[in-house]
> 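Take a look at the following structure, please.
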2 protein chains.
Amino acid sequence: MAMRIGELAERAGTSVKTIRYYDRIGVLKAEERSESGYRLYGEDALDRYRFVRAAQAVGLRLGEIREIIALRDRGETPCGFVVDLIGRRAAELDARIAELAALRDELRSLDRRARRLDPRRCDPRLVCHVIDQGA
Amino acid sequence: MAMRIGELAERAGTSVKTIRYYDRIGVLKAEERSESGYRLYGEDALDRYRFVRAAQAVGLRLGEIREIIALRDRGETPCGFVVDLIGRRAAELDARIAELAALRDELRSLDRRARRLDPRRCDPRLVCHVIDQGA
DNA sequence: CTAAAGCCTCCTCTGTAGGGGAGAGTCAAG
DNA sequence: CTTGACTCTCCCCTACAGAGGAGGCTTTAG
């Protein structure tokens with residue numbers, strides 16, 4: 001009935017280290033311990049593991065996932081919390097994407113400018129004329 | 001003529017810690033040391049500091065900036081290297097942006113789906129029906 | 001019975017750019 | 001001469017999700 005950490009890891013397609021880590025930080029607690037201290041898991045551990053991965057895949061961090069699971073374990077429906085989280089994360093992503101896009105555009109224009117410059121006319125006093133210290 | 005670290009930091013608008021760190025990793029070496037071991041800098045340290053910041057601002061890392069500076073200090077023109085770096089960084093950014101955009105789209109669609117779901121019909125066996133473990 | 005494989009805890013390390021603070025030496029002004 | 005500001009080196013800490021390994025039990029197969 002109960003499986004040990006190695007079997008769970010293998011069936012989940014992950015490492016023992018990861019499962020142990022999830023136990024430690026509280027996203028996937030071992031249901032119980034054997035007499036000798038071995039972690040024991042039931043079938044549902046596999047589902048829970050998949051949930052953790054699915055949540056990670058949409059950009060949630062383990063700390064947030066732990067909170068979702070804690071809510072659920074207290075018998076509350078974490079949906080509201082999750083929707084909030086998702087909304088905020090999407091907004092953060094928008095901001096981050098805009099930042100990166102601006103950076104990329106700057107890099108591209110630097111690149112174009114650099115191709116028009118003659119390396120031999122590089123000012124020896126500057127480190128590199130491609131990168132403008134804006135002065 | 002020579003200024004000490006505190007003056008440089010203040011004129012550069014940064015912290016002494018940062019300047020010391022730049023010295024240590026080699027992006028902004030102190031020109032010399034006083035008899036008592038104090039770092040001494042000339043006026044050009046300010047320019048070099050600005051270059052470092054400008055390079056950071058376009059997304060280069062200090063390790064890369066150090067290489068650019070090392071090239072320059074060996075008397076070579078780092079332009080080619082910089083152009084390469086910039087090109088690669090831009091490509092990386094494109095990939096990263098695409099990744100984040102895909103994630104954001106998934107979050108948005110999750111969000112829309114969640115709003116249509118009734119929280120009261122949440123399957124108690126699942127942690128949260130908003131996040132689909134695919135399975 | 002024994003060796004191999006599995007499991008345990010605890011510790012350190014990864015990358016990035018520094019921040020915080022201890023303990024000690026140095027420099028200028030009063 | 002002393003006090004306070006400045007500087008030095010050295011060491012630990014941050015976020016994130018584990019990976020790697022040491023040293024020591026436990027379990028299982030032959």
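Basis for what follows: all heavy atoms, side chains included, without hydrogens, waters or symmetry-related copies. Each chain gets a letter, A, B and so on, in the order its sequence line appears, and its residues count up from 1.
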> Measure from the side-chain heavy atoms of B:Tyr38 and tell me the nearest of D:dT7, D:dA19, D:dC16.
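Given the options D:dT7, D:dA19, D:dC16, the side chain of B:Tyr38 is closest to D:dT7.
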
> Taking the minimum atom-to-atom distance to the side chain of A:Gln56, which one of D:dA17, D:dT7, D:dT27 wins?
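From the listed options, D:dA17 comes nearest.
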
> Should A:Asp44 and A:Arg50 count as an ion pair when the cut-off is N to O under 4.0 Å?
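Looking at A:Asp44 and A:Arg50, the cut-off is not met.
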
> Taking only the side-chain nitrogens and oxygens of A:Arg20, find out if one of them lies under 4.0 Å from OP1 or OP2 of C:dC8.
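Yes, within the criterion.
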
> Starting from C1' on C:dG25, measure out to CD on B:Glu35 and report it in whole angstrom.
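My rounded result for the distance is 14 Å.
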
> Atom CD1 of A:Ile19 to atom P of C:dT9: distance rounded to whole Å?
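Rounded to whole Å, this separation is 14 Å.
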
> Salt-bridge test for A:Arg89 and B:Asp111: reply yes if a basic N is under 4.0 Å from a carboxylate O, no otherwise.
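B:Asp111 and A:Arg89: not salt-bridged.
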
> Got a salt bridge between A:Glu43 and A:Arg11, using NZ or NE/NH1/NH2 to carboxylate O under 4.0 Å?
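Result for this pair is yes, salt bridge flagged.
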
> Nearest to the side chain of B:Arg61, which nucleotide is it out of C:dG20, C:dA17, D:dT9?
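So the nucleotide nearest the side chain must be C:dA17.
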
> Roughly, in whole Å, what's the span from NZ in A:Lys17 to C1' in D:dC16?
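Those two atoms, NZ and C1', are 17 Å apart.
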
> To the nearest 0.5 Å, how far apart are CG in A:Leu62 and OH in A:Tyr22?
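One finds 5.0 Å between CG of A:Leu62 and OH of A:Tyr22.
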
> Within a radius of less than 6.0 Å around CD of B:Glu7, do more than 12 heavy atoms belonging to other residues, nucleotides or ligands occur?
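Counting neighbours around CD of B:Glu7, more than 12 heavy atoms of other residues, nucleotides or ligands fall under 6.0 Å, so yes.
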
> Under 4.0 angstrom, heavy atoms only, what part of the nucleic acid is B:Arg53 near: base, sugar-phosphate, or nothing?
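Counting heavy atoms under 4.0 Å across all strands, the contact made by B:Arg53 is with sugar-phosphate only.
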
> Is the shortest side-chain N/O distance from B:Ser36 to OP1 or OP2 of D:dT7 below 4.0 Å?
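No, B:Ser36 has no side-chain N/O under 4.0 Å of OP1/OP2 on D:dT7.
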
> Report yes if a side-chain nitrogen or oxygen of B:Ser15 is closer than 4.0 Å to either non-bridging phosphate oxygen (OP1 or OP2) of C:dG19; otherwise report no.
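B:Ser15 to C:dG19 OP1/OP2: side-chain N or O found under 4.0 Å.
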
> What's the closest nucleotide to the B:Arg4 side chain, out of D:dT7, D:dC8, C:dC10?
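Closest nucleotide among those given: D:dT7.
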
> Measure CD/B:Glu32 against P/D:dC8 and give the value in whole Å, please.
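Whole-Å distance recorded here is 13 Å.
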
> Quick one: A:Arg24 CZ to C:dC10 P, roughly how many Å, whole number?
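To the nearest whole Å, that distance equals 10 Å.
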
> Compare the minimum distances between each of D:dT7, C:dC8, D:dA19 and the side chain of B:Ile5, then state the nucleotide with the smallest one.
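Among D:dT7, C:dC8, D:dA19, the one nearest the side chain of B:Ile5 is D:dT7.
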
> Atom CE of B:Met3 and atom CD of B:Glu10: how far apart are they, to the nearest 0.5 Å?
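Answer rounded to 0.5 Å: 11.5 Å.
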
> Would you please confirm or rule out a distance under 4.0 Å between OP1 or OP2 of D:dG18 and any side-chain N or O of A:Tyr22?
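The answer is yes; a side-chain N or O of A:Tyr22 sits under 4.0 Å from OP1 or OP2.
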
> D:dA19, C:dG18, C:dT9: which one has an atom nearest the side-chain heavy atoms of A:Thr18?
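Output: D:dA19.
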
> Between D:dG18, D:dC8, C:dG18, which one does the side chain of B:Arg33 approach most closely?
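Per side-chain heavy atoms of B:Arg33, the pick is D:dC8.
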
> May I have the distance from A:Leu40 (atom CG) to D:dT26 (atom P), rounded to whole angstrom?
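Whole-Å distance recorded here is 15 Å.
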
> Please, which pairs that meet side-chain hydrogen bond (donor to acceptor under 3.5 Å, both in side chains) have at least one residue in residues 25-34 of chain B, sequence neighbours excluded?
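For residues 25-34 of chain B: B:Ser34-B:Ser36.
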
> Five pairs at each end of the helix from C:dC1-D:dG30 to C:dG30-D:dC1: take the axis at both ends and give me the angle between them to 10°.
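The end-segment axes of the helix from C:dC1-D:dG30 to C:dG30-D:dC1 are tilted 30° relative to each other.
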
> Please round to the nearest 0.5 Å and tell me the distance separating atom CG of A:Asp84 and atom CD of A:Glu64.
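It is 11.5 Å, given to the nearest 0.5 Å.
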
> Determine: side-chain N/O of A:Arg39 to OP1/OP2 of C:dC7, distance under 4.0 Å, yes or no.
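For A:Arg39, the contact criterion (side-chain N or O under 4.0 Å from OP1 or OP2 of C:dC7) is not met.
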
> Starting at atom CD of B:Glu10, determine the distance to atom C1' of D:dA5, rounded to an integer number of angstrom.
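My rounded result for the distance is 13 Å.
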
> Side chain of B:Tyr21 only, please: which of C:dA17, D:dA17, D:dT28 is the nearest?
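In terms of side-chain proximity for B:Tyr21, the closest of C:dA17, D:dA17, D:dT28 is C:dA17.
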
> Find the distance A:Leu60:CG to D:dA17:C1' and express it as a whole number of Å.
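That distance rounds to 15 Å.
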
> Identify, between B:Gly63 and B:Ser34, the residue whose nearest nucleotide on DNA chain C lies closer to the 5' end.
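On the 5' side of the pair lies B:Gly63.
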
